[in-house]
Number of protein chains: 2
Amino acid sequence: MILKTNRKSLVEQVAEQIEQLIEQKHWKVGDKLPPEMELIEEFDVSRNTLREAVRALVHAGLLETKQGSGTMVRSTSALDAALKRHVKKSTMLETLEVRLALEKQAAQMAAERRTESDLIDLELCINNCKEASAKKDLEQFISSDIQFHKTVVAASNNQLLIDLYENMTEVLFSFVQDFMTIEPLFPFEQGIHLELFKAIQKQNKESAAAYVENDMEVLKESIIKIMKE
Amino acid sequence: MILKTNRKSLVEQVAEQIEQLIEQKHWKVGDKLPPEMELIEEFDVSRNTLREAVRALVHAGLLETKQGSGTMVRSTSALDAALKRHVKKSTMLETLEVRLALEKQAAQMAAERRTESDLIDLELCINNCKEASAKKDLEQFISSDIQFHKTVVAASNNQLLIDLYENMTEVLFSFVQDFMTIEPLFPFEQGIHLELFKAIQKQNKESAAAYVENDMEVLKESIIKIMKE
DNA sequence: CCAGAAAATTTGTAGGATGATTGGTACATC
DNA sequence: GATGTACCAATCATCCTACAAATTTTCTGG
């Protein structure tokens, strides 16, 4: 067996190290990286090499550079940027369908694995929604609603699923938030929340999945309706 | 009102153009890009700027450079590389669960939307599996099996779903292909194929989903079993 | 203290020089 | 003729210096 010629380029080595330092929270989101000159000395490479490494991570969405100011950490994961770019080429309905797939699975897994702490979190979200609904505060309702769904997915305890779901949700709502009025849906959404919560509490997989499907179906129809106008 | 300084860096502009040229099939997968010097002239930028742009796309997985040889197009989508990097940090079971979510949804959608042509494709895959099974050809069986599942997902007609599913599948099988012997599963897999095909043919959503779930459950258990050894 | 100018800092772009790797060619050898 | 070797050309990798442009910090005159 012959070993692969695995000699990575200097640029890739530096990029990898920076990525690791970000992942290990040595540099956190929002932090400013040391200026090029210092990094050059630390990594012991030329300015070109360092710049190519940094530029690769900027393109990937992890870093952000501003001329004259410096380089900042923008995100800990390159998946966000790549998914967003890719999803932009898809239609809203396609994205919605994928989100449905993920949330349905997540709801079933949440029903199986939910802890007491998950239930407490979910109840908190439900109360926030109720509060927003009483105040007719659309913005708070939407954000609480999203938080509820995210909390359901979080209870699945599958990090990959959580990451993908959050991306889908984010992209979807950046699509619709401008022209969508979901106010008439308030009572319906709250009903779903409560039923889904009960299903997860009782660890009833099938009915949890059914409620998610029901919810998505309504959301889908209202999106289709809006798009026809 | 003053417009934001929307001036993208030269590097990003060049990278974007190259990305577009790849997407528009001006440069196809496997093609060799012109050497740096020519690209410098075409884009009218400095060597550094061009190299930073190319390097960003190399890191994203779209291009591949070999010293002395040139720069080749490796993929048309950056999602592949990003997902792979991200999924590598997940466990195999997490990946499997996401794949289940996607395929279950896809099977239901396939049952609703399948065309006659989809059915023909599926039958072809089934026959290939049968053939491989008769010859005890493990490699052909696995590749035909994967092809069958991909064809089911393709019948969903949702490109985003298809892209995500293919990535999950690819990563999973690169995990297991080395040490997994699924030969004992031949009869079971073929049974599932046939039942799933019938469900899709009869446009029975529920039973299509059930068969996928059944299939995945068995695969999951056999993976868990192997990992314990 | 404060506004505005000046200086320092930092990233962006340009161009050149040298080294390393790859692919191919010509030629000698067997 | 097949094979191995030496050489050459093309191409990317790395390093260097220089200057431009944007931002932040410091200084200065009132």
Side-chain angles (χ1 to χ4, degrees), chain A residues 2-19 21-22 27-75 81, chain B residues 2-19 21-22 27-75 81:
Chain A
I2 295 174
L3 290 173
K4 284 184 264 181
T5 61
N6 196 18
R7 187 165 162 235
K8 278 184 186 165
S9 73
L10 267 182
V11 176
E12 276 303 322
Q13 289 179 45
V14 172
E16 215 167 87
Q17 280 192 63
I18 295 177
E19 240 172 321
L21 286 168
I22 292 173
W27 293 320
K28 294 169 193 167
V29 174
D31 281 4
K32 214 156 79 169
L33 264 61
E36 285 179 351
M37 292 309 289
E38 282 182 36
L39 292 175
I40 287 170
E41 286 182 12
E42 287 191 39
F43 288 113
D44 192 33
V45 294
S46 75
R47 181 151 181 245
N48 275 356
T49 303
L50 179 85
R51 280 186 59 81
E52 284 182 26
V54 168
R55 180 67 70 180
L57 299 185
V58 168
H59 188 80
L62 270 84
L63 299 179
E64 187 175 13
T65 57
K66 266 208 303 195
Q67 189 176 176
S69 175
T71 303
M72 266 183 27
V73 179
R74 195 169 174 272
S75 164
Chain B
I2 293 174
L3 290 174
K4 280 185 202 170
T5 60
N6 193 20
R7 191 177 155 215
K8 276 186 188 167
S9 76
L10 267 182
V11 177
E12 277 304 321
Q13 289 179 46
V14 172
E16 217 167 86
Q17 280 193 62
I18 295 178
E19 247 173 315
L21 286 168
I22 292 174
W27 293 320
K28 294 169 193 168
V29 174
D31 281 4
K32 215 158 75 169
L33 264 61
E36 283 179 352
M37 292 310 290
E38 282 183 36
L39 291 175
I40 287 171
E41 286 181 12
E42 287 190 39
F43 287 111
D44 192 32
V45 294
S46 79
R47 197 173 133 72
N48 275 351
T49 302
L50 181 85
R51 278 187 60 81
E52 284 182 25
V54 168
R55 178 68 70 180
L57 300 185
V58 168
H59 187 81
L62 269 80
L63 299 179
E64 187 176 13
T65 57
K66 267 207 300 194
Q67 190 176 174
S69 175
T71 304
M72 265 183 26
V73 179
R74 195 170 174 269
S75 165

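Naming: A, B, ... by sequence-line order, numbering from 1 per chain.
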Rounded distance in Å - CG (A/Leu10) to C1' (C/dG19)
13 Å
So A/Ile22 and A/Leu63, side chain to side chain contact (heavy atoms under 4.5 Å, CB included) or not? Walk me through it.
CA-CA 10 Å; A/Ile22 292 173; A/Leu63 299 179; 3.7 Å; yes
Quick one: side chain to side chain contact (heavy atoms under 4.5 Å, CB included) partners of B/Glu19, sequence neighbours excluded?
A/His59, A/Arg85, B/Leu57, B/Leu62
Considering only heavy atoms, which members of residues 48-57 of chain B lie under 4.0 Å from some atom of DNA chain C?
B/Asn48, B/Thr49
Under 4.0 angstrom between B/Ser9 side-chain N/O and C/dT11 OP1 or OP2
no
Rounded at 0.5 Å granularity, tell me how far CG in A/Asp44 sits from CG in A/Leu50.
11.5 Å
Can you tell which of C/dT11, C/dG23, C/dA14 lies closest to the side chain of B/Ser69?
C/dG23
Sorted by chain and residue number, the side chain to side chain contact (heavy atoms under 4.5 Å, CB included) partners of B/Met72 (sequence neighbours excluded) come out as B/Lys32, B/Glu64
Just verifying a value: how many Å separate B/Trp27 CH2 and B/Ile18 CD1, rounded to the nearest 0.5 Å?
5.5 Å
Nearest heavy-atom pair of B/Ala15 and B/Ala53: which atoms, and what distance?
N-CB, 3.8 Å
Check salt bridge (Lys or Arg N to Asp or Glu O under 4.0 Å) between A/Arg55 and all other residues, then give those that pass, not counting sequence neighbours.
B/Glu52
Please evaluate the base of C/dG12 for a donor-acceptor partner in the side chain of B/Glu12 within a cut-off of under 3.5 Å?
no
Nearest-angstrom distance from the residue atom CD of B/Gln67 to P of D/dC12
10 Å
Walking DNA chain D from its 5' end, the first of A/Val11 and A/Lys66 to be reached, judged by nearest nucleotide, is A/Val11
Within residues 36-47 of chain A, the residues having a heavy atom closer than 4.0 Å to DNA chain C are A/Glu36, A/Arg47
Respond yes when some side-chain nitrogen or oxygen of A/Thr65 is under 4.0 Å from OP1 or OP2 of C/dG12, and no when none is.
yes
Sequence neighbours left out, what passes side-chain hydrogen bond (donor to acceptor under 3.5 Å, both in side chains) with A/Thr65? Give chain and number order.
none
Quick one: B/Glu64 CD to C/dT21 P, roughly how many Å, whole number?
17 Å
Whole Å only: how far is the CD atom of A/Gln13 from the P atom of D/dA13?
13 Å
Is it the case that atom CG in B/Asp31 sees more than 12 heavy atoms from other parts of the structure closer than 6.0 Å?
yes
